[in-house]
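Note that the structure is a prediction, hence the values are computed from the model and not measured.
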Amino acid sequence: MTFKEKLAHQHPVLGTFLKTPSPIICEVMGRAGLDVICLDTEHAPFGRRDLDLCLMALRYLSIPSIVRIPTLSSEHILNALDCGATGVLVPHVITREDAQRAVDLAHYGRGRGYAGSSRSADYMGRSMAEQLNSAHKETCVIAQIEDADALDHLDDLFKTEMVDAFFIGRADLTVSLGYSDPNEPAVVDTVAEICRKGRAAGRTIGMFTGRTDEIATWCELGASLFLMSSDHAMLLKGAQSLNDAVRPQLVTR
C-alpha cells in the first residue's frame, strides 16, 4: 500500500518532523520504522541543496517523505516534488481557494511545471507518460489547518477534491485562538470539532500532539495521521536521560 493509499483509506500513519538539515539524520531516522518523515522547511534552516540531499537519503531507504513548505507558492511545491518528496504539507490553509491552489500547483496539467530530468522522474529514466502516471498515483497534498480564520471555512475546505489529508497545526491554532497552552480546554474542543467535521465529510484528518496519551482519543474522533515530536526533541530527551542517569553517579575527585 502506498503512502497516498494509506491516507485515502485512513490507515493509521505515524511520523515525525525532522528539523536538522542533514541527510545523515534522515538516514538514521529512516531506520526507526516510522511511516513517514516530514522535513520542516517552514521552521528549520533548510536550503535547496539541504532539502535535495535529505530527500535523496529518504528515497534511498524507500521512506515516504513530506515537506512542510514555508509558504503556499509554486517555487516551494515544485522544488520539493522535483527533488523527490512524496508530498507537501502546506501551512496556513484558510480557504477552499488556498487548498485548491495547493492541489493545482502539486499536479501536472493543473499548475505543476514538467521536467523529465528531475529525481522524481528518475533523471530521464521514465517516459513522460510514466512520470505523469506515477505522480498522479503517488503525489500527496496535505493542507494544514492552524488559523482561527479557517474555522469559518471548514465545510468548504473539506469539499476540496484531491487534498489527501487535512492536518491540524495545534500550536499555531492555540496562538491564533489567543491562548498559550495547547491543552487549554477551548483549544482541545476546537481540535475535536475539526475532527468531527472532517470525519462527517469523509476526509482524512491528521495532527500534531505532544501527548502520547491522547492518541486513542483522537483516533476515536477520526484522526489517523500523526506527526509527533521531532529529531531535536528526541536528541534533547536522550541527552537529558543520559545526564539524569549518570550525573548522580559521577564522583568528584
Of all heavy-atom pairs linking S134 and R126, the shortest is OG-NH1, 3.0 Å
Side chains of H136 and L132: closer than 4.5 Å at any heavy-atom pair?
no
Do F3 and V141 sit in the same hydrophobic cluster, where Ile, Leu, Val, Met, Phe, Trp and Tyr count as joined when their side-chain heavy atoms come under 4.5 Å apart?
no
Using modelled atom types and a 3.5 Å cut-off, is there a donor and acceptor pairing between side-chain atoms of R101 and backbone atoms of L72?
yes
Over 12 foreign heavy atoms within 6.0 Å of OH, Y114:
yes
Can you tell me how far CG of L105 sits from CD1 of I77, rounded to the nearest 0.5 angstrom?
4.5 Å
Could you tell me which residues satisfy side chain to side chain contact (heavy atoms under 4.5 Å, CB included) with L154, sequence neighbours excluded, listed by chain and number?
I145, L151, L157, F158, I194, K197
Using the rule given for side chain to side chain contact (heavy atoms under 4.5 Å, CB included), can you reason through M228 versus I215, listing the C-alpha separation, both sets of side-chain angles and the distance that settles it, and then say yes or no?
CA-CA 10 Å; M228 301 179 64; I215 301 304; 3.6 Å; yes
Applying salt bridge (charged side-chain N to carboxylate O under 4.0 Å, His left out) as the test, list every pair that has at least one member in residues 14-28; sequence neighbours left out.
K19-D40, E27-R31
Are the side chain of E184 and the backbone of S180 linked by a donor-acceptor contact shorter than 3.5 Å?
no
Derivation and outcome, side-chain hydrogen bond (donor to acceptor under 3.5 Å, both in side chains), residues Q100 and D104
CA-CA 6 Å; Q100 189 61 60; D104 291 343; 3.1 Å; yes
Taking all heavy atoms of Y108 and all of S120, pick out the closest pair and write down the distance.
OH-OG, 4.3 Å
Out of curiosity, does L34 fall in the hydrophobic cluster containing Y60 (side-chain heavy atoms, cut-off under 4.5 Å, transitive links)?
yes
Between atom CD of E146 and atom NE2 of H92, what is the distance when rounded to the nearest 0.5 Å?
4.0 Å
Between P248 and D244, which heavy-atom pair has the shortest distance, and what is it?
CD-O, 3.2 Å
Determine whether P91 and I69 make a side-chain contact, defined as any pair of heavy atoms from C-beta on separated by less than 4.5 Å.
yes
State the OG1-CZ distance between T16 and F208, to the nearest 0.5 angstrom.
8.0 Å
Would you mind reporting whether R119 and D52 have side-chain heavy atoms less than 4.5 Å apart?
yes
Quick one, I66 and L227 - any side-chain contact, counting heavy atoms below 4.5 Å?
no
Atom pair NE2/OG1 of H11 and T204 - distance to nearest 0.5 Å
12.0 Å
May I ask you to decide if T20's main-chain N or O and D231's side chain share a donor-acceptor pair within less than 3.5 Å?
yes
Heavy-atom closest pair (C219 atom, F226 atom, distance to 0.1 Å) is SG-CE1, 3.7 Å
Over all heavy atoms of both residues, which pair between S65 and A85 is shortest? Give the atoms and the distance, please.
OG-CA, 3.4 Å
Which heavy atom of V90 sits nearest a heavy atom of A102, and at what distance?
CG2-CB, 3.9 Å
Tell me if a side-chain donor or acceptor on K6 pairs with a main-chain N or O of P12 at a distance below 3.5 Å.
no
Could you give me the CA-CA distance, side-chain angles and deciding distance for V93 and F166, then say whether side chain to side chain contact (heavy atoms under 4.5 Å, CB included) is met?
CA-CA 9 Å; V93 173; F166 291 88; 5.8 Å; no
Does either side chain, that of E75 or that of S73, offer a donor lying less than 3.5 Å from an acceptor on the other one?
no
L55 vs V67 side-chain heavy atoms within contact, under 4.5 Å:
yes
May I have the step-by-step check of side chain to side chain contact (heavy atoms under 4.5 Å, CB included) for H76 and T71, ending in yes or no?
CA-CA 7 Å; H76 295 310; T71 60; 3.3 Å; yes
Side-chain heavy atoms under 4.5 angstrom apart, residues restricted to Ile, Leu, Val, Met, Phe, Trp, Tyr: same cluster for Y179 and L173?
yes
Is it true that M29 and L14 fall in one hydrophobic cluster, defined by side-chain heavy atoms closer than 4.5 Å?
yes
Are any of the side-chain heavy atoms of L225 and I205 separated by less than 4.5 Å?
no
Taking I168 as the starting point, is it possible to reach V188 by hopping between hydrophobic residues whose side chains are less than 4.5 Å apart?
yes
Below 4.0 angstrom, N of the basic side chain to O of the carboxylate: do D122 and R59 qualify?
yes
pair V36-T86: side-chain heavy atoms closer than 4.5 Å:
no
Any donor-acceptor pair under 3.5 Å linking the side chain of R203 with the backbone of T160?
yes
Walk me through whether L18 and F46 qualify under side chain to side chain contact (heavy atoms under 4.5 Å, CB included).
CA-CA 10 Å; L18 194 138; F46 280 83; 4.0 Å; yes
Can a donor-acceptor pair be found, under 3.5 Å and without considering hydrogens, that links the side chain of S176 to the backbone of A148?
yes
Under 6.0 Å from the CE atom of M124, do we count more than 12 heavy atoms belonging to anything else shown?
no
Spell out, as yes or no, whether a donor-acceptor pair under 3.5 Å connects the side chain of D35 to the backbone of G15.
no
Contact check, side chains of H43 and F17, non-hydrogen atoms, under 4.5 Å
no
Give, for atom CG of L58 and atom SG of C83, the distance between the pair rounded to the nearest 0.5 Å.
12.0 Å
Is the CG atom of L61 crowded by more than 12 outside heavy atoms at less than 6.0 Å?
yes
To the nearest 0.5 Å, atom OG1 of T95 lies from atom CG of D156 at 9.0 Å
